[in-house]
Engineer: 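Please find one structure pasted underneath; my questions will follow.
If you're wondering where the values come from, they're calculated on a predicted model, not measured in any experiment. Letters A, B, ... are given to chains in the order of the sequence lines, protein chains preceding strands, and every chain is numbered from 1. FYI, side chains are in, hydrogens and waters are out, and symmetry mates aren't considered; it's all heavy atoms of this structure.
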Amino acid sequence: MTTASAEPLLSLRNVEVVYDNVSLAVSGVSLDVPEGQLIALLGANGAGKSTTLRSISGLLQAARGKVTRGEIRYAGQLVNTLSPQDRVKLGIVQVLEGRHVFEQLTTNENLEAACPVEMSRAEMRSALDRAYTFFPRLAERRNATSGYLSGGEQQMLAIARALMTRPRMLMLDEPSLGLSPMLTTEIFSIIRRINREEGISVLLVEQNAFAALDLVSHGYLIESGRVVMHDTATAMKNNPDIQEFYLGGHGVNFRDIKHYRRRKRWLT
Amino acid sequence: MDWILFLELAANGAVTGLLYAMVAISIVLIFKSSAVPNLAQGALVMVGAYAVLAFSDWLGLPMWLAIPAAMVFMFGLGIGIERHALRRLAGQPIIMILMMTLGLDIFLRGITLAAFGGSARRMDLGISDDPLFVGQILMSRVHLTGAAVALMVFAALVLFFRTRRGIRLRAISNDYVASWSVGIGVEQGVALSWALAAVISTIAGVFWGAVQGVDQSLSLLLLKSLTVAVLGGLDSLPGAIVAGILLGVLESVVSGYLDPLVGGGSRELVVAVTLILTVLIRPHGLFGDRSVERI
Ligand SMILES: Nc1ncnc2c1ncn2[C@@H]1O[C@H](COP(=O)(O)OP(=O)(O)OP(=O)(O)O)[C@@H](O)[C@H]1O
Ligand SMILES: [Mg+2]
């Protein structure tokens, strides 16, 4: 377990999320992101990873979801009911699953759109420069319509765009989705640099568990809307359940048994 | 064939078409930002014209003051309509939103009828009624001025969409969720597009008022401008300009030759056929985004 001395930048306590007033997607998730750290949130399809991120960024409202129980604290403040806009102002930003670039805008316009309103021209220029230093590929394509960028470039743009909001905590929803292993490595190493050079805390959601665990210090495993494991990255990588789960491909019954076993072991 | 007549019909049609385009631009602005087809657009033009008359006739302001004053008033009205009538419908089925804009249309017509009565009023811009000879072609000065202003409005919008605020508005029209995710004020952006649309409606109201007088029939501009907006592609501003000219020319030329034969009414027919064919053959219009069904 983490032995963080100071209060974590972000902490979730027993967060429960319901969609459309009826369907329970996340039931009692607790997790911490200490300032300056890289943390992974892992889990299979439909486990509730994106839902958890949306509860933190406030984007649940846009998906007809609601936090019905629990606390989301960020920098000592309860943020449960804040609008997405206010949370971005506080430094929370989420890079959406599936990239979601502004397809009709150019690369540069995508970045400008994300500039805080109060940012001056000069500040914006230096923020753009900084974003382009992290992603030199984007600088080459700054005047291209972003809808025509490659998948990898769009993912980079989505991350660069999030950086324009001057975040203190960056949440990434499956940045490796649909990318080659090589591109994934490239993007992950940029995420590491962003974390080190800018001191931005990162909460990384991934299905690609092994790539993610190479990057982060700690990880959480979420299953059917509950956290079933929380440990250091090294310990998680060596965990037979994680290995078996992510190397997958077993019959349904066998997996059900394993699920049960794992749950017994990790649920307290 | 009489080329002078043809050219005269086409030129006057193009100029009238640009006046339709000015109204269509407002429809496009609102549709782009919020995917709402605003059926109250004609009524907004009418209210804009009445607002100018209220400032000039009731408060005695000169025209050059009454028009900007009406634009400011309409800016506020646009924001108010978005905030109080449409924002709370977010996420509702599109049919409910359509019904709301229809309700607004009826409401605005009712309230202007109560306040100003049914008889037509003059909108005097001080532009001479004498036709202007362009070469051998006769053209209306008011129409020409209006067309020039329509092009200026279009140019101003093109410039606006390059500013940071304009870029944010385009981002909103592109992807709501992504806009929220980077802290863009989506609601404020949509309200701004209603406000801009209402301001442009005022300008359109001034010229349409000068052309045909200010009365309830100004709200019927909805039909032609909606046709122009659909033909151009509901989310394309250049599309509105091109389609406006196209429809104006078509309407003027066809009716110029047909009306004497059939005894009138072919203008409306051209508009109807254009709208129906566009929807059947090319629903995304000339320049629209194919994936326009997004809500
Ligand atoms: N907008 C929504 N409305 C209703 N139910 C939803 C919505 N979004 C997600 N859910 C449900 O909530 C549960 C968790 O979904 P979520 O998207 O958080 O999973 P995930 O871990 O991100 O999965 P994936 O890896 O496939 O992205 C699923 O059962 C899903 O069907
Ligand atoms: Mg997801």
Side-chain angles (χ1 to χ4, degrees), chain A residues 20 53-54 56-64 82-106 108-121 124 145-147 154 157-167 170-171 173, chain B residues 28-29 31-35 83 87-93 157-193 233-239 284-285 287-295:
Chain A
D20 295 316
L53 290 196
R54 284 190 204 119
I56 302 166
S57 64
L59 293 176
L60 270 181
Q61 294 158 20
R64 295 187 317 280
L82 290 187
S83 72
Q85 206 178 0
D86 287 339
R87 297 192 212 197
V88 170
K89 281 201 188 112
L90 290 177
I92 304 175
V93 73
Q94 174 181 359
V95 178
L96 299 165
E97 184 177 345
R99 313 189 246 279
H100 280 269
V101 298
F102 300 123
E103 292 182 354
Q104 291 161 14
L105 274 54
T106 66
N108 209 58
E109 287 170 342
N110 265 270
L111 300 181
E112 282 189 36
C115 275
V117 184
E118 66 279 0
M119 214 189 234
S120 71
R121 285 241 139 238
M124 183 175 84
T145 303
S146 64
Q154 289 191 357
L157 178 54
I159 299 173
R161 187 178 61 184
L163 287 181
M164 295 302 289
T165 66
R166 296 196 277 204
L170 177 65
M171 302 191 287
D173 199 344
Chain B
V28 170
L29 269 180
F31 188 84
K32 262 174 94 79
S33 74
S34 58
R83 183 152 309 163
R87 189 172 300 180
R88 59 190 66 204
L89 289 184
Q92 295 282 320
L157 278 177
V158 169
L159 290 180
F160 167 72
F161 277 118
R162 297 214 184 123
T163 65
R164 249 205 285 173
R165 196 179 284 276
I167 290 173
R168 274 200 291 275
L169 214 55
R170 280 160 60 210
I172 292 169
S173 81
N174 208 168
D175 191 329
Y176 267 30
V177 179
S179 300
W180 271 310
S181 81
V182 290
I184 295 175
V186 173
E187 293 81 1
Q188 291 91 316
V190 173
L192 176 64
S193 71
L234 269 172
D235 59 353
S236 165
L237 286 175
H284 55 278
F287 298 98
D289 186 355
R290 264 163 209 277
S291 55
V292 102
E293 280 93 43
R294 154 194 66 90
I295 291 297

Engineer: At a heavy-atom separation under 4.5 Å, does A/Leu96 approach chain B through its side chain, its backbone, both, or neither?
Structural biologist: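 The side chain, not the backbone.
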Engineer: For A/Gln94, is it the side chain, the backbone, both or neither that has a heavy atom under 4.5 Å from a heavy atom of chain B?
Structural biologist: backbone
Engineer: Taking side chain as everything from C-beta outward and backbone as N, CA, C, O, which of these in B/Glu187 sits under 4.5 Å from a heavy atom of chain A? Side chain, backbone, both or neither.
Structural biologist: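 It is neither, since no heavy atom gets under 4.5 Å.
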Engineer: Nearest 0.5 Å please: distance from the CG atom of A/Leu111 over to the CZ atom of A/Phe102.
Structural biologist: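 One finds 10.5 Å between CG of A/Leu111 and CZ of A/Phe102.
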Engineer: With a 4.5 angstrom heavy-atom cut-off, which part of A/Val95 approaches chain B: side chain, backbone, both or neither?
Structural biologist: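 Neither the backbone nor the side chain of A/Val95 comes within 4.5 Å of chain B.
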Engineer: Within the side chain of A/Arg87, is there an N or O that forms a donor-acceptor pair under 3.5 Å with the backbone of A/Leu82?
Structural biologist: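 Present.
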Engineer: Using side-chain heavy atoms (C-beta onward) and a distance below 4.5 Å, is A/Leu53 in contact with A/Glu97?
Structural biologist: no
Engineer: Using heavy-atom distances under 4.5 Å, tell me whether A/Met119 contacts chain B through its side chain, its backbone, both, or neither.
Structural biologist: both
Engineer: Less than 4.5 Å apart, side chain to side chain, heavy atoms only: is that true for B/Trp180 and A/Gln61?
Structural biologist: no
Engineer: Go through the atoms of A/Thr165 and report whether side chain, backbone, both or neither lie under 4.5 Å from a heavy atom of chain B.
Structural biologist: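 Side chain of A/Thr165 only, per the 4.5 Å heavy-atom cut-off to chain B.
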Engineer: With a 4.5 Å heavy-atom cut-off, do A/Met164 and B/Val182 have their side chains touching?
Structural biologist: no
Engineer: Just give me the residue among B/Ser181, B/Ser179, B/Gly166 that pairs up with chain A most often, heavy atom to heavy atom, under 4.5 Å.
Structural biologist: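 Most heavy-atom pairs under 4.5 Å with chain A: B/Ser181.
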Engineer: If I measure from the heavy atoms of chain B, does A/Pro116 come under 4.5 Å with its side chain, its backbone, both, or neither?
Structural biologist: backbone
Engineer: Kindly compute the distance separating CD1 (B/Ile167) from CD1 (B/Ile172), expressed to the nearest 0.5 Å.
Structural biologist: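 Separation between the atoms: 12.5 Å.
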